[in-house]
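Only one structure is covered here, and it is reproduced in the block below.
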Amino acid sequence: MVLTMIELKTQIPGPKSLALMERRKKAVARGPFHTTPIFAEKAEGSWITDVDGNKLLDFSSGIGVVNVGHSPQNVVKAAKNQLDKFIHTSFNVVAYENYISVCEKLNSATPGTFSKKSFLVNSGAEAVENAVKIARAYTGRQAVVCFQHAYHGRTYMAMSLTAKAKPYKYGFAPFNSEVYRSPFPYPYRWPTTSQPDKVAEECFLEFKNLVNSEIGVSQVAAVIIEPVLGEGGFVPAPKNFLSLLRNFCDENKIVLIFDEVQCGFGRTGTLFACEQMGVTPDLLVSAKGIAAGLPLSAVTGKSEIMDAPPEGGIGGTYCGNPVACSAALAVFDEWEKGTIQKNTQSIKRILQEKTESWFKNFPIVGDVRGLGPMRAIELVKDRNTKEPYPEAVKKIIKSAYEKGLILMSAGTFSNVIRFLPPLCTTEKDILIGLEIVEKAISEV
Ligand SMILES: Cc1ncc(COP(=O)(O)O)c(C=O)c1O
């Protein structure tokens, strides 16, 4: 393979980024992490130009947000049009049409033929919080079952539902009560078998045991799961696990919530991942890709469940901001054109072929997996022990950005590299990015 270099103007980070990082250290709290040491000047399509004039290829999409690309023309135009009209009235004070239009779009685009309603908020975590509130209001029950390796956000309920302690939970206890955690069907790390159907069956037995022995089924308000783990390492839940959960929730009048904040809005090649899994949740949480980077998120689900909270029971000052709603409608327009879907097929094909070839050639690549173009590699020190290799991931990410490619890690053990290119990325650019990764893996 011939390495196609990305031409950079300076070393990464360049002098302007270095100076900004010094200012950042003095002025900004330590908490927010940085995957790269650069600062953005502008971004278009799949490329981000930093303040030193370096153009970097983005395989992160701002953590799976700009699925339709950075600053697509129609989204920018729609947001500008709305800015010219009004920026904010609060939907709770003086309502506006584009909020309703986004809800109508969501109600018809999400799986399920039943009557649906939606509710808009600002972030993934806030949507998760509200999904739990709605489920509790509907069932009159308290317990929520979540899963190992889950990530649902950083606010208190979302953090309580999140699995990974460091850095997300450590030092922030106490967490919310009535949260119970069951194993996630993670075939690569399942102790008895890696056959997805078997893993699903065994994992479901553990779930049932947990519910029966530690909670009592009549106390469970909701089960919340990511159909494909996001931060947890891009592990798709086996389809039959989701259908076993679906049947269990139906039999026991439990609200099944799918958190599609990361795997939704086209990331897996269909608008929602659960479309490919043949299982429909009662409530679906979306965010990230919904408005191409403007803060917006949603809970969509069965009308009778969504209507459980009384008037005034859910809401917020900024919920469903009109500029974000206009952007979301433009994202729906992009999706309805069908061009992104076609592109996701070639992204998926190339990513799958490449990652599978790495699995053959590099012993540190222990697992390759994903759903559609949402793909990842898991690095291990030893294929037999499966000991995680987070140091290698760190090196590869650093080597990649130094060569002009922005990559992100994932996984409970920080040993996963996830590929999150904007879904408009061309075949040529995907190949350029993957050549950089391949070189970096071979150097570890
Ligand atoms: C599956 C999932 N749920 C919830 C969240 C939280 O979203 P936000 O960061 O917008 O609060 C994330 C963020 O990465 C996510 O991946």
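For the numbers below, each heavy atom of this structure counts, side chains included, while hydrogens, waters and symmetry mates do not. When a ligand or atom number is given, it counts from 1 through the structure's own listing order.
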Please tabulate, for the side chains in residues 193-201, all donor-acceptor contacts under 3.5 angstrom to protein atoms that are two or more places apart in sequence or on a different chain.
unit_1 : atom_1 : unit_2 : atom_2 : d
Thr193 : OG1    : Gln195 : N      : 2.9
Gln195 : OE1    : Lys198 : N      : 3.4

Requested in this report: Taking atom types as modelled, find out whether Arg189 and His149 have a side-chain donor-acceptor pair closer than 3.5 angstrom.
Outcome: no

Query raised in the report: Does Ala287 approach ligand 1 within less than 4.0 angstrom via side chain, backbone, both or neither, non-hydrogen atoms only?
Result: neither

Requested in this report: Before signing off on this row, confirm whether Gln262 and ligand 1 have an N or O atom pair separated by under 3.5 Å.
Outcome: yes

Query raised in the report: Does the side chain of Asp429 pick up a donor-acceptor pair with the side chain of Trp47 at under 3.5 Å?
Result: yes

Query raised in the report: Using heavy atoms and a threshold below 4.0 Å, how should the contact between Glu260 and ligand 1 be classified: side chain, backbone, both, or neither?
Result: neither

**Report entry** Gap separating the CD atom of Glu126 from the NZ atom of Lys133, nearest 0.5 angstrom
**Finding:** 8.5 Å

Query raised in the report: Taking non-hydrogen atoms only, is Lys288 closer than 4.0 angstrom to ligand 1 via side chain, backbone, both or neither?
Result: side chain

Requested in this report: Go through ligand 1 atom by atom and flag the ones less than 4.0 Å from a non-hydrogen atom of Ser123.
Outcome: 10 (O), 11 (O)

Requested in this report: Quick one: look up the protein heavy atom nearest atom 2 (C) of ligand 1 and list residue, atom name and how far away it is.
Outcome: Tyr151 O, 3.3 Å

Query raised in the report: When you measure from the centre of the six-membered ring of Tyr188, is the NZ or CZ of Lys386 under 6.0 Å away and within 45° of the axis?
Result: yes

Query raised in the report: Should Ala125 be counted as touching ligand 1, given the test is an N or O pair under 3.5 Å?
Result: yes

Query raised in the report: Closer than 4.0 angstrom: is that true for some heavy atom of Gly230 and an atom of ligand 1?
Result: no

Query raised in the report: Hey, which atoms in ligand 1 end up nearer than 4.0 Å to a heavy atom of Glu231?
Result: 14 (O)

Query raised in the report: What class does the angle between the rings of Phe241 and Phe147 fall in, given that below 30° is parallel, 30 to 60° is tilted and above 60° is perpendicular?
Result: perpendicular

Query raised in the report: Looking at atom 10 (O) of ligand 1, is any protein heavy atom nearer than 4.0 Å to it?
Result: yes

Query raised in the report: Strictly under 4.0 Å, does any heavy atom of Asp259 approach an atom of ligand 1?
Result: yes

Query raised in the report: Can you check whether Ala330's main-chain N or O pairs, donor with acceptor, with Asn74's side chain at less than 3.5 Å?
Result: yes

**Report entry** Atom indices of ligand 1, in the order listed, that fall short of 4.0 Å to a heavy atom of Glu226
**Finding:** 1 (C)

Query - Pair Ser414, Lys164: side-chain N/O donor-acceptor within cut-off below 3.5 Å - result: yes

For residues 87-95, which side-chain donor-acceptor pairs fall under 3.5 Å, sequence neighbours excluded?
unit_1 : atom_1 : unit_2 : atom_2 : d
Thr89  : OG1    : Val94  : O      : 2.6
Ser90  : OG     : Asn92  : N      : 3.4
Ser90  : OG     : Thr317 : O      : 3.1
Asn92  : OD1    : Gly316 : N      : 3.4

Query raised in the report: Looking only at distance, does Gly124 have an N or O less than 3.5 Å from an N or O of ligand 1?
Result: yes

